Amino acid sequence: MSLSDWLVSWLRTNVAAWIPTVAASLASYGVDLPVEPSSVAIVSLAVSGYYTLVRLLEARWPAVGVLLGWKAAPTYAAAPAAARTPGYHPGNHTGRDLTGL
């Protein structure tokens, strides 16, 4: 896994962990939530810290990955050569020239 793949997976996890903090901050704008914003921020910080620590330890000792629910770290396959061609999109327009759009 390249550094950029690792950062993407780290970011995706931490964004999910911090969503409750964002929701709690809405309370300051009058949205009524049944929890204290500081409690939610502490939980989000703990989740982020735990995830980061385990991922760093996993780089040295792969078996530590089980602490995240799965022994193996995520892998990301390279895009097929066609996907790296300008104008290519693997959706409804496959095979059509989209460079003029």
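Nothing fancy with the numbering, it's 1 onward along the sequence. Note that this is a predicted model, so its numbers are computed, not measured.
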Checklist entry - What's the spacing between I42 CD1 and S44 OG if we round to 0.5 Å? => result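 With rounding to 0.5 Å, CD1 (I42) is 10.0 Å from OG (S44).
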
Item to check | Rounded distance (nearest 0.5 Å) linking atom CH2 of W61 with atom CG of L56 | outcome: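 Those atoms lie 10.5 Å apart.
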
Checklist entry - What are the two closest heavy atoms between E58 and G65, and how far apart are they? => result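 Smallest heavy-atom distance, with atoms named: OE2-CA, 3.3 Å.
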
Item to check | Minimum heavy-atom distance between W10 and T52, given as atom pair plus value | outcome: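 Minimum heavy-atom separation between W10 and T52: NE1-OG1, 2.7 Å.
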
Checking [X] now: which residues fulfil side chain to side chain contact (heavy atoms under 4.5 Å, CB included) with it, not counting sequence neighbours?
| X | answer |
| --- | --- |
| L53 | L57 |
| T13 | Y51 |
| V47 | A17, V43 |

